[in-house]
Amino acid sequence: MNNPPLRLAAMASGTGTNLGAILDNIKKGLLNCEMRLVLSNNSNAGALHIARAYGIVAIHLSKEQFPGQNEFDDRLLQLLQEYQVEMIVLAGYLKKLSSKVVRAYKHKILNIHPALLPSFGGKGMYGHRVHQAVLDYGCKVSGVTVHLIDDEYDSGPPIMQRCVPVQFDDTADTLAARILQEEHKIYSDVIQLFAERRVEIHGRKVIIK
Ligand code: GRF
């Protein structure tokens with residue numbers, strides 16, 4: 001029996017190339033998902049523009065509009081409920097979600113990190129800082145981690161990881177670009193596994209059936 005399309009929301013702060021790759025794969029019929037809603041804390045985020053170009057509801061939601069954590073969470077949860085969202089995909093979302101939201105969507109919030117966690121992750125490790133730290137350490141491989149969200153930065157159980165080689169003449173820019181190409185593939189691969197209801201979570205162990 002075919003599964004009904006998985007109803008997603010995405011949250012992003014920046015350019016939104018990962019979001020664009022997911023939307024492209026949905027459009028091509030490669031992902032059995034519907035993107036119901038895209039949210040950004042940044043009113044001018046590329047991600048909002050990309051979403052609108054695909055005809056998807058794209059909303060600016062930030063702490064400036066809802067300074068209290070409770071008010072912000074209530075509005076976020078209200079929107080997610082209104083659009084009947086089953087899973088949330090963080091795609092370059094730089095804000096931490098509260099425990100209330102994490103609890104409400106337990107095991108249903110994904111994040112992508114451009115390194116092999118638990119190395120080179122945690123608070124403040126985003127963008128080029130990650131890649132520069134990998135180069136400064138002299139690593140021979142880096143990669144991508146897609147993981148579940150918990151209450152800390154980059155600490156939830158990994159769902160899938162892939163290696164990307166570091167080349168001797170890499171800069172943070174060239175390494176970031178090579179890793180981003182892999183990000184655009186792995187995120188859709190993981191989302192499709194959820195759409196096929198093939199992901200089982202046992203504590204920190206995530207099993208693909
Ligand atoms: C990606 O590198 C992702 O791993 C990280 O934030 C970046 C977002 O890039 N969490 P983009 O906005 O999808 O291009």
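Heavy-atom basis, side chains included; hydrogens, waters and symmetry copies ignored. Whatever order the structure lists them in is the order used to number ligands and atoms, beginning at 1.
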Indicate whether the side chain of S142 and that of H131 have a donor and an acceptor atom separated by less than 3.5 Å. no
Less than 4.0 angstrom from a charged side-chain N to a carboxylate O is my criterion; do E34 and R7 meet it? no
Which residue owns the protein heavy atom closest to atom 9 (O) of ligand 1, what's the atom, and how far is it? N18 ND2, 3.8 Å
Going by the closest heavy atom to atom 3 (C) of ligand 1, which one wins out of H184, H131, E183? E183
Nearest non-hydrogen protein atom, atom 8 (C) of ligand 1: G92 CA, 3.7 Å
Is G16 in contact with ligand 1, taking contact as a heavy-atom separation below 4.0 Å? yes
Electrostatic pair K185-D189, nearest N-O below 4.0 angstrom: no
Show the atoms of ligand 1 that are less than 4.0 angstrom away from any heavy atom in P114. 2 (O), 4 (O)
Salt bridge check: are D74 and K100 linked by an N-O gap of less than 4.0 Å? yes
Minimal heavy-atom distance between V130 and P114, with the atoms involved, is CG1-O, 3.7 Å
Nearest neighbour in protein (non-hydrogen) for atom 10 (N) of ligand 1: I112 O, 2.8 Å
Closest approach of T145 to P158 (non-hydrogen atoms, all atoms of both residues): CG2-CB, 4.1 Å
Between ligand 1 and T17, is the shortest N or O to N or O distance under 3.5 Å? yes
